[in-house]
Enquirer: 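If you scroll down you'll find the structure; I have some questions about it.
Heavy-atom basis, side chains included; hydrogens, waters and symmetry copies ignored. Chain letters run A, B, ... following the sequence lines, proteins first, then strands; residues in each count from 1.
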2 protein chains.
Amino acid sequence: MKVSQRTEYGLRAMVALAGKYDSGLMSIKELAEQEGIPVAFLEQIMAELRRAGLIVSTRGAYGGYALEKAPNKISAGQVISTLEGSLSPARCGAKCDKMSGCSTRSVLKRIEDSITDTLDNIYLNELVKAGIDE
Amino acid sequence: MKVSQRTEYGLRAMVALAGKYDSGLMSIKELAEQEGIPVAFLEQIMAELRRAGLIVSTRGAYGGYALEKAPNKISAGQVISTLEGSLSPARCGAKCDKMSGCSTRSVLKRIEDSITDTLDNIYLNELVKAGIDE
DNA sequence: TTATTCCTTACTAATTCGGTCAGGATTAGA
DNA sequence: TCTAATCCTGACCGAATTAGTAAGGAATAA
């Protein structure tokens with residue numbers, strides 16, 4: 001249950017965009033340099049965040065990325081679940097058809113729900129501040 | 001950031017032990033059968049939980065495992081951090097010496113702290129109930 | 001039309017994960 | 001004292017995931 005490098009990169013890119021909200025686009029190159037992330041890798045991550053509707057992109061010269069909505073409307077939970085998928089062990093859900101009444105899963109579910117809830121209540125604007133404070 | 005199968009198994013074993021707290025030991029075999037976990041795999045997990053001081057074991061015939069303290073004194077966070085280690089991406093900490101002032105890490109830290117906090121406030125007795133309710 | 005930028009797919013080396021296997025150490029009870 | 005039951009440990013293995021590279025295509029401002 002480590003946060004993957006991929007997700008950390010994505011999160012930091014989102015926070016960087018949040019810091020520049022309403023002051024223009026940021027290109028992959030800018031983001032990658034500022035955050036120390038390999039360009040080609042970040043490209044993949046941004047593509048996924050765009051498909052999820054969390055950011056918008058503009059192609060061509062002077063293009064770049066921006067948040068799709070205000071930083072205080074996008075939660076860490078949205079970013080993380082986009083980049084990581086479910087918290088459950090991979091196999092559960094694939095093999096198991098019981099959508100309810102699976103007592104085996106109830107313990108884990110209780111925990112996953114708590115984590116999800118926690119992450120859904122942390123917003124990007126708060127994380128921008130966390131970065132400044134440090 | 002999936003919860004690993006390993007951790008789910010460990011958590012369920014702990015909840016099973018919590019359900020029998022004060023009514024004797026449970027052997028690996030019992031635990032494994034009841035929870036549907038491969039015996040040899042569960043053995044490794046239990047060894048780790050024991051080394052962490054969360055359970056006590058008795059060897060020899062009629063031996064088995066029991067919680068080291070009451071279910072309401074052991075948190076999901078303790079179990080999970082024992083079995084998974086830190087939430088941070090593997091590399092961070094290995095290469096990076098800055099123990100403070102690493103602005104790159106602050107965003108993730110804020111999130112990890114929230115999750116840790118959440119999990120440290122879920123206790124085994126509560127999870128036993130969750131299992132019954134379902 | 002060209003430089004800049006986003007977009008997509010395929011590939012790869014290294015690591016982690018889930019699990020098995022083999023055997024040793026300890027203890028209760030016959 | 002012997003034996004069965006039980007915990008304990010380390011080595012090993014195939015499959016999946018992870019972090020990244022590579023190569024090229026598509027859109028757009030100037």
Enquirer: With distance as the sole criterion, do the side chain of B:Glu43 and the base of C:dT20 form a donor-acceptor contact below 3.5 Å?
Expert: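 There is none.
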Enquirer: For residues A:Leu42 and A:Glu35, determine if any side-chain heavy atom of one lies less than 4.5 Å from a side-chain heavy atom of the other.
Expert: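 The answer is no; the side chains never approach within 4.5 Å.
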Enquirer: Measuring to OP1 and OP2 of C:dG18, would you say a side-chain N or O of B:Tyr9 lies under 4.0 angstrom away?
Expert: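 False: B:Tyr9 side-chain N/O out of range (4.0 Å or more) of C:dG18 OP1/OP2.
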Enquirer: Select from A:Ala61 and A:Arg50 the residue whose nearest nucleotide in DNA chain C is closer to the 5' end of that strand.
Expert: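 In this pair, the answer is A:Ala61.
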Enquirer: Would you say the side chain of A:Arg110 lies within less than 4.5 Å of the side chain of A:Ser106, judging by non-hydrogen atoms?
Expert: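 A:Ser106 does not reach A:Arg110 side chain to side chain.
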Enquirer: Quick one: is B:Arg51 getting a side-chain N or O under 4.0 Å of the D:dT9 phosphate, OP1 or OP2?
Expert: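 Yes, because at least one side-chain N or O of B:Arg51 sits under 4.0 Å from OP1 or OP2 of D:dT9.
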Enquirer: Which nucleotide, C:dG18, D:dC8, C:dT5, lies nearest any side-chain atom of A:Ser27?
Expert: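 Nearest listed nucleotide: C:dT5.
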Enquirer: Exactly one of B:Leu17, B:Ile37, B:Val39, B:Ile45 should register a side chain to side chain contact (heavy atoms under 4.5 Å, CB included) with B:Leu31. Which one does?
Expert: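 Answer after filtering B:Leu17, B:Ile37, B:Val39, B:Ile45: B:Leu17.
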Enquirer: Considering only side-chain heavy atoms of A:Pro38, which listed nucleotide, C:dC7, D:dG20, D:dA22, is closest?
Expert: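 The nucleotide sitting nearest to the side chain is D:dG20.
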Enquirer: Does B:Ser4 place a side-chain N or O at less than 4.0 Å from the phosphate oxygens OP1/OP2 of C:dT16?
Expert: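 Negative; the distance criterion is not met.
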Enquirer: Heavy atoms only, 4.0 Å cut-off, all strands: where does A:Tyr62 land among base, sugar-phosphate and nothing?
Expert: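 Sugar-phosphate only.
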Enquirer: Taking only the side-chain heavy atoms of A:Tyr65 (C-beta and beyond), determine which of C:dC6, C:dG19, D:dA22 contains the nearest atom.
Expert: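 Nearest to the side chain of A:Tyr65 among the choices is C:dC6.
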Enquirer: I would like to know whether B:Lys20 and B:Glu30 meet side chain to side chain contact (heavy atoms under 4.5 Å, CB included); could you show each step before the answer?
Expert: CA-CA 12 Å; B:Lys20 293 202 74 171; B:Glu30 277 181 281; 4.2 Å; yes
Enquirer: Examine D:dC8: is either OP1 or OP2 under 4.0 Å from a nitrogen or oxygen in the side chain of B:Ser57? Give yes or no.
Expert: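 Indeed, a polar side-chain atom of B:Ser57 lies that close.
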Enquirer: Map A:Gly60 and A:Phe41 onto DNA chain D by nearest heavy atom, then report which one ends up closer to the 5' terminus.
Expert: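 Looking at DNA chain D, the more 5' nearest nucleotide goes with A:Phe41.
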Enquirer: If each of A:Glu84 and B:Gln44 is mapped to the nucleotide of DNA chain D with the nearest heavy atom, which maps nearer the 5' terminus, i.e. the 5' end?
Expert: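 Result of the comparison: B:Gln44.
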